[in-house]
Amino acid sequence: MENLLAIIIGAIFVNNFILSRFLGLCPFFGVSKKTKPAIGMGISVIFVMTLASIVTWLAYNLILVPLSLQYLHIIVFILIIATLVQFVEIFLKKVNPVLYKSLGIYLPLITTNCAILGLALLNVQESYSFIAALVFGISAGIGFTLALLLMSGVRERLELSKVPKAFEGLPIAFIVASLMSMAFIAFSGMIQ
Amino acid sequence: MIIESILVMSGLGLGFGVFLAFASKKYAVKSDPRITQVLSVLPGNNCGACGYPGCAGYAEAVCKDENVATDLCSPGGQEVADNVSKVVCRECDSVKEQRVAKLHCAGGIAEAKTKYNYKGVKTCKSAAMLAKGPKACSYGCIGFGDCAKVCNFNALHMGPLGLPLLTKENCVACNACVKECPKNLFSLVPKKSKVHVLCSSNDKAADVIKSCKVGCISCKRCEMICPVEGKAIHVNDNLAKIDYSKCISCGKCVEVCPRKIIINEKKKN
């Protein structure tokens with residue numbers, strides 16, 4: 001139990017996927033202009049990360065390990081994630097068109113998101129158990145959403161404030177991101 | 001080793017491929033094939049003139065609901081309306097007259113006096129919030145070009161005199177500038193109409209004369225000389241207004257207007 005708690009806190013704060021591991025920076029800057037799409041993206045990422053974590057764990061431990069083909073894990077994970085996202089898209093379109101419309105473009109965008117692949121690879125690296133991998137997937141998604149939401153809030157305020165001309169737009173966003181990242185480093189003492 | 005890895009990879013690929021093919025069949029969403037057809041005949045400007053969110057929104061609406069007219073696309077005009085009607089198998093509605101946007105103000109920098117020196121954010125919207133704008137006439141064009149910024153068709157540009165200039169050929173009557181202008185100076189007028197009143201001020205004559213060289217002073221000379229039965233130009237609320245459904249563009253009111261705010265585009269060109 002304590003171990004799981006450490007994984008949750010670790011994935012959300014200490015080793016936040018965006019602000020400490022620097023994974024998935026493309027949506028972090030692309031979709032953080034407004035709060036609403038940021039939430040949509042965050043929820044889709046939580047969803048896909050959890051699913052991907054489960055399926056890649058199963059594929060790795062039930063197929064690759066018994067055949068001692070571990071060196072194939074990257075290409076297999078990519079294949080699995082792409083298939084998964086494609087399937088989720090087809091499934092959602094039929095079952096819940098409203099959710100499908102609100103997720104919109106973000107769902108296919110996640111396919112090529114390195115944060116998902118990073119998650120699958122970290123699961124292998126840390127040799128998590130199935131439950132641990134599941135919890136890690138959910139909390140990594142939550143950490144991603146948290147960072148995205150914080151960033152979008154800051155950027156919404158930035159729109160209204162006076163920014164020197166040279167820093168307008170992306171440059172100031174980069175500066176904000178680095179400041180936030182430094183702030184998140186402060187969590188690193190929490191878990192050994 | 002090599003054989004195994006090849007087998008695993010191709011097995012996984014095949015498995016996932018079959019799985020996805022199966023899933024896409026099983027969870028296929030039936031959509032009206034006419035929607036894509038309508039979408040292909042629409043111009044694809046996504047301007048929103050029809051009142052729906054983009055061309056796709058209109059295509060969906062026109063296929064789903066029989067009461068949605070097939071002629072709502074004003075950039076496309078008659079040709080697109082015919083094509084849309086053909087796709088959805090309906091009697092073709094007659095297309096509304098082609099229209100263009102028109103600015104009803106002639107008070108540029110030279111003509112209209114200013115009330116104060118505005119030094120804020122350079123948009124009409126924010127300027128209009130400060131004591132109804134920097135112009136002495138509270139109805140006049142502010143001249144920061146919000147309309148030109150919102151125009152997606154390269155039809156509006158700010159002219160040298162502080163008023164936006166319209167390129168008629170590019171205007172598709174998408175209504176964007178009409179909605180954007182904080183002073184509501186734009187309206188859509190029939191493209192073939194040549195005579196327009198270039199003032200929107202409801203101020204009394206004395207106030208108009210004080211604030212602007214070219215404002216309507218509601219002398220009613222235009223109304224009196226109008227040869228159309230029932231008059232095509234009326235002065236209400238201290239402002240002359242043309243009834244475009246009656247106006248025959250004869251240009252008589254243009255000649256008598258003492259303030260030269262009724263213009264005849266036929267003559268100019």
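These numbers come from the heavy atoms of this one structure, side chains and all, not from hydrogens, waters or symmetry mates. Just so it is clear, the structure is predicted and the values come from calculations on it, not from any experiment.
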Scan the side chains in residues 128-136 of chain A for donor-acceptor partners under 3.5 Å anywhere in the protein, sequence neighbours excluded, and list what turns up.
{"unit_1": "A:S129", "atom_1": "OG", "unit_2": "A:A132", "atom_2": "N", "d": "3.3"}

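- Interatomic distance, NZ of A:K93 versus OG of B:S24, reported as 10.5 Å (0.5 Å rounding).
- Within a 6.0 Å radius of NZ in B:K149, other residues, nucleotides and ligands contribute more than 12 heavy atoms.
- No more than 12 heavy atoms of other residues, nucleotides or ligands shown are found within 6.0 angstrom of CD1 on B:I3.
- Of residues 10-21 of chain B, those residues lying under 4.5 Å from chain A by any heavy-atom pair are B:L12, B:G13, B:F16, B:F19, B:L20.
- Residue-environment remark: NZ (B:K115) exceeds the threshold of 12 foreign heavy atoms within 6.0 Å.
- For chain B, the option among A:I90, A:I75, A:V76, A:I63 with the highest count of heavy-atom pairs below 4.5 Å is A:I90.
- Inspection of non-hydrogen atoms places A:L67, A:S68, A:L69, A:Y71, A:L72 of residues 66-74 of chain A under 4.5 Å from chain B.
- The salt bridge (Lys or Arg N to Asp or Glu O under 4.0 Å) pairs that include a residue from residues 155-176 of chain B are B:K168-B:E265, where partners are two or more places apart or lie in different chains.
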